[in-house]
Amino acid sequence: MSSSLELSRSLRISVGGKFVDINPAEVFEGIDGAHFYESSEQHKKYYVAMEQMIEAAEKDSGGRLFRVGQSAFQSFNEPIGLGYSSISHYSSAFDADVNYMLSDLGYGDYYYWVAPFGGSLVTDMILSTKYIIVPDSAGSQFPDIKVLEFNNIPQKQYETVISQDGFTLYRNQYALPIAFSANAEIMDYRLSSDFVVNQNKLLNAMTGSHNVYLSPVDYDCVKDGYTYTYTIEATCDGVLYATIPNNGYPRSDATVNDKYFCRLYSAELDCLIYMGYYHQGDEIKVSLYNSNKNFDPDENDFYMFNIHTFSQEAARLAQGGMHVNKWSEGFIEGTVTNDIDQV
């Protein structure tokens, strides 16, 4: 597959009123690995792999009217460079209300930054996050560049589009269009600062229901040295989420069933943490390392998200989804059908 990421072999700049031709590729490669610069070759490989995932998503959807979630990323501004929409962004002209809202919905945020991970099936659905990219292990695949990995846990609640070069692209079959009808109760709903509460109440306000989608589950915890292993039994078919607060602990990892990993204790990782999709009765073991003497294993909480209850409400909202006729930069045209009690 050809890549649009090839650096231009010729660039003309003005220096002191005179034009000079330079080779930008050789400029960057000339500082490769020196003075704390990272590997340009691995940068290229990473972005080519990401570009292939975005191209596959565009082909699958028939356009680019969707958002992309990621479980790892190299830069907060990847969406700008690769030309796709995302939750992730960094801007010196940020909107504080947007950042606060995304934090209240369970996404990882820090200062001006919002990370492309966190949230839940509810937020993926209502924010039109139609595709999710999960690398097998970006850290070991690209050891000479900085890649922030959240986890490498397969998103099995979604549909697999393609697996290639250590990356998997998932399609969110529940993702709603950019506009959709919802129950009029949503006009009176105000987000709380508790993103677990918001997963239930926000969706119920949109549908006029009184369901519990995300509910706490019991666990057993065993300590071995500084390693704490939580054993959880899935109480329904669905997704296991966790809240593992960052209370000034050194960065660490959690392992899930001794197979997958999840990063912990970084500001942008203080969010609703995805732990995988399971069936009722499955046993899940989550182990983490924490040597802090003030650590309390009960400060962590685990929740099961009921996929069956959610699917029913998601189907109701999808019926009022916008039928897009045409769109381009700056405008979208389409139709939405409302019932009498909807907005």
> Judged by modelled atom types alone, do N338 and S181 share a side-chain donor-acceptor pair under 3.5 Å?
Replying inline: yes
> Can a salt bridge be assigned to the pair K285 and D258 using a cut-off of 4.0 Å between side-chain N and carboxylate O?
Replying inline: no
>> Quick check for you: to the nearest 0.5 Å, what is the distance between E149 atom CD and Q141 atom CD?
In response: 9.5 Å
>> Under 6.0 Å between ring centres: does that hold for Y158 and Y170?
In response: no
> Hey, would you say the Y228 and Y289 ring centroids sit under 6.0 Å apart?
Replying inline: no
>> Once ring pair (Phe, Tyr, Trp, His ring centres under 6.0 Å) is applied, do any residues pair with F142, and if so which ones, sequence neighbours excluded?
In response: Y46
>> For Y174 and F310: C-alpha separation, side-chain torsions, deciding distance, then whether ring-ring contact (aromatic ring centres under 6.0 Å, His included) applies.
In response: CA-CA 10 Å; Y174 306 108; F310 167 75; 5.1 Å; yes
> Looking only at side chains, do T255 and Y260 share a donor and an acceptor under 3.5 Å apart?
Replying inline: no
> If Ile, Leu, Val, Met, Phe, Trp and Tyr residues are connected whenever their side-chain heavy atoms lie under 4.5 Å apart, and connections chain through other members, are I87 and V147 in the same group?
Replying inline: yes
> With F117, which residues qualify under ring pair (Phe, Tyr, Trp, His ring centres under 6.0 Å), at least two apart?
Replying inline: F73, F150
> Any chance the rings of Y303 and Y241 have centres within less than 6.0 Å?
Replying inline: no
> If you look at every heavy atom in Y278 and A234, which pair is closest and at what distance?
Replying inline: CB-CB, 4.1 Å
> With a 3.5 Å cut-off and no angle check, do the side chains of Q70 and E78 form a donor-acceptor pair?
Replying inline: yes
